[in-house]
Amino acid sequence: MEDRSWGAVIVAAGSGVRFGAGIPKQFLRLGDKAVVDWSLGAFMSIGGISEIVVVVPGEADWRRWWNPPDGVVTVPGGTRRQDSVMSGLRALVGSEFVLVHDAARPLVRRELIERVMLEALRSGAAVPVVPVRDTVKRLDPGSFLSPTVPREDLRFSQTPQAFRLDELREVLGSSGEVTDECSAMEFAGRQVAAVPGDPLNMKITDPVDLGLVRCIAGEGYRETRTGTGLDFHPFEDGRPLVLAGCRLRSDRGLAGHSDGDAVLHAASDAILAAARLGDIGVHFPPGDPEWKDADSSLMLGRCVTMAREAGWTVSQLDLTIIAVTPRIAPIRDLALARLSEITGLPVERIWIKGTTTNSLGDIGRGLGVGCMALAVLERTHRNIPAAGNNL
Ligand code: CTP
Ligand code: MG
């Protein structure tokens with residue numbers, strides 16, 4: 001940030017006694033990575049932070065639980081949190097300012113980190129706080145309630161907390177027992193500026209907290225869309241027969257500007273429809289020299305890519321071929337394998353079957369092939385953007 005040099009210390013050396021799992025809470029899984037990886041990702045995404053140290057358990061063989069990303073420095077922590085912080089501060093070599101953050105707060109967002117950094121540049125020390133919303137009571141020794149504590153000027157403190165590195169080293173080195181760096185500053189009579197915290201930046205203390213964090217960050221909600229596609233091609237003598245991306249033995253093939261593969265065209269249209277991306281006529285215009293006699297698997301592959309670029313994953317395809325010949329059952333396994341190869345979908349998420357028109361119409365007289373396709377697409381919305389994303 002600006003031209004000042006910033007370091008960050010992420011403390012992950014606690015044993016998580018209150019959580020009570022077999023492994024420290026900061027190394028449990030949250031989504032597709034460990035809890036500590038979430039905040040690490042947020043700090044790594046800020047260009048102004050040039051050195052990051054993760055403080056890991058001094059005693060335990062933590063590598064059983066966590067693989068640090070390349071380039072991240074790890075140092076062993078101490079018995080108390082403040083000992084771990086000191087150990088991390090000692091490992092910083094070129095920073096003027098430092099951010100100290102609990103690995104147990106995985107939902108920290110970039111915008112909060114930057115707010116704390118800005119205030120620390122202005123005031124020398126900054127800590128994010130959130131208002132106390134509930135009515136606060138004090139319990140007397142007999143489990144009776146004393147008069148309500150006024151809460152207007154009470155705040156919960158969070159991390160990251162930001163300080164001048166020299167000052168924090170000095171203050172923490174001579175401090176008594178404290179639960180955060182801000183307290184050490186207060187004991188030394190130094191001023192610390194308050195910055196609006198983030199209610200979502202909660203600390204995982206027990207399994208209920210992890211459940212809440214998982215609801216906020218881990219799952220999100222899944223949106224599903226379906227689309228259909230329909231295509232027909234007449235037979236033409238002397239052309240190769242290509243259906244569902246498979247070249248089949250036949251003395252006639254399907255007429256068309258491309259290879260005439262009605263199955264792949266219907267599937268392509270179904271995917272484009274589900275993703276609301278137009279149709280194959282728009283993307284692959286008939287008459288376009290690029291698609292003259294083209295392999296339609298390239299067309300379907302491109303539709304899958306376009307859908308992916310719009311945030312959608314193709315999750316299922318169901319294809320019904322309407323034809324007298326070829327018969328579908330004997331070529332089903334071959335067709336499924338080929339469709340899987342083209343779309344990247346596992347075979348069990350695709351189905352293909354044949355039917356006839358019971359002799360009705362030109363298709364019933366064996367003059368061509370039709371295909372109807374249904375595509376199911378999915379995308380996941382995160383309840384909050386993942387840590388480190390464009391905030
Ligand atoms: N921490 C640390 N070194 C310690 C104690 C705590 O690095 N000796 C870290 C924790 O890993 C956590 C943060 O400080 O990221 C906040 O501490 P806390 O929530 O109290 O975690 P634990 O001490 O692990 O949990 P508990 O107090 O329940 O044992
Ligand atoms: Mg603790």
Side-chain angles (χ1 to χ4, degrees), residues 29-33 37-38 41-42 45 107 109-110 214-232 242-246 256-259 261-286 288 290-291 294-321 332 335-353 370-391:
R29 306 303 298 173
L30 174 59
D32 56 357
K33 50 198 174 196
D37 287 315
W38 286 70
S45 75
L107 299 182
R109 288 188 273 181
R110 197 169 139 164
R214 285 208 162 113
C215 288
I216 298 166
E219 305 292 312
Y221 73 93
R222 189 163 287 190
E223 183 182 2
T224 301
R225 283 213 201 134
T226 54
T228 60
L230 190 61
D231 195 32
F232 299 94
V242 184
L243 209 57
C246 306
H257 181 62
S258 64
D259 61 10
D261 191 331
V263 177
L264 300 197
H265 295 178
S268 300
D269 244 353
I271 290 169
L272 292 175
R276 312 294 191 256
L277 287 172
D279 55 45
I280 54 173
V282 173
H283 295 285
F284 315 101
D288 182 341
E290 188 189 346
W291 297 101
D295 176 353
S296 297
S297 64
L298 300 175
M299 194 183 283
L300 178 57
R302 207 180 273 188
C303 293
V304 172
T305 305
M306 281 190 276
R308 191 184 311 118
E309 284 167 0
W312 294 98
T313 303
V314 180
S315 82
Q316 296 177 58
L317 276 177
D318 182 22
L319 305 159
T320 304
I321 298 176
R332 179 179 287 138
L336 288 177
R338 187 73 186 108
L339 286 161
S340 165
E341 188 177 47
I342 299 166
T343 59
L345 268 175
V347 167
E348 64 272 15
R349 291 178 165 267
I350 312 171
W351 194 237
I352 186 162
K353 59 197 174 294
C371 181
M372 188 179 76
L374 174 74
V376 179
L377 271 56
E378 288 180 351
R379 70 175 164 190
T380 301
H381 298 265
R382 300 278 171 205
N383 293 346
I384 59 160
N389 276 5
N390 65 4
L391 278 170

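Considering only heavy atoms from C-beta on, Arg338 comes within 4.5 Å of Ser297 through its side chain. Two residues are said to be in side-chain contact when any heavy atoms from C-beta on lie closer than 4.5 Å; Trp312 and Met306 fail this criterion. With contacts defined as side-chain heavy-atom distances shorter than 4.5 Å, the pair Thr224/Val376 qualifies. By the 4.5 Å heavy-atom criterion applied to side chains, Lys353 and Asp318 are counted as neighbours. At a threshold of 4.5 Å between non-hydrogen side-chain atoms, the residues Thr343 and Leu317 count as touching. In this structure the side chain of Val304 never reaches within 4.5 angstrom of the side chain of Leu345, judged on heavy atoms. Proximity of Leu339 to Leu319: side-chain heavy atoms (C-beta onward) are separated by under 4.5 Å at one or more points. In this structure the side chain of His265 never reaches within 4.5 angstrom of the side chain of Cys371, judged on heavy atoms.
For the side chain to side chain donor-acceptor pair (under 3.5 Å) test, no residue two or more places apart in sequence or in another chain qualifies with Asp288.
Here the CE-CG distance, from Met299 to Asp259, works out to 7.5 Å after rounding to the nearest 0.5 Å. For the atom pair CG of Leu374 and CH2 of Trp351, the computed distance is 15.0 Å after rounding to the nearest 0.5 Å. With rounding to the nearest 0.5 Å, the separation of CZ in Arg225 from OG in Ser315 is 13.0 Å. Between Leu264 atom CG and Asp269 atom CG the span is 12.0 Å, to the nearest 0.5 Å. If you take CG on Leu377 and OG1 on Thr313, they are separated by 7.5 Å, rounding to the nearest 0.5 Å.
Residue pairs meeting the salt bridge (Lys or Arg N to Asp or Glu O under 4.0 Å) criterion with at least one member in residues 299-308, sequence neighbours excluded, are Glu290-Arg302.
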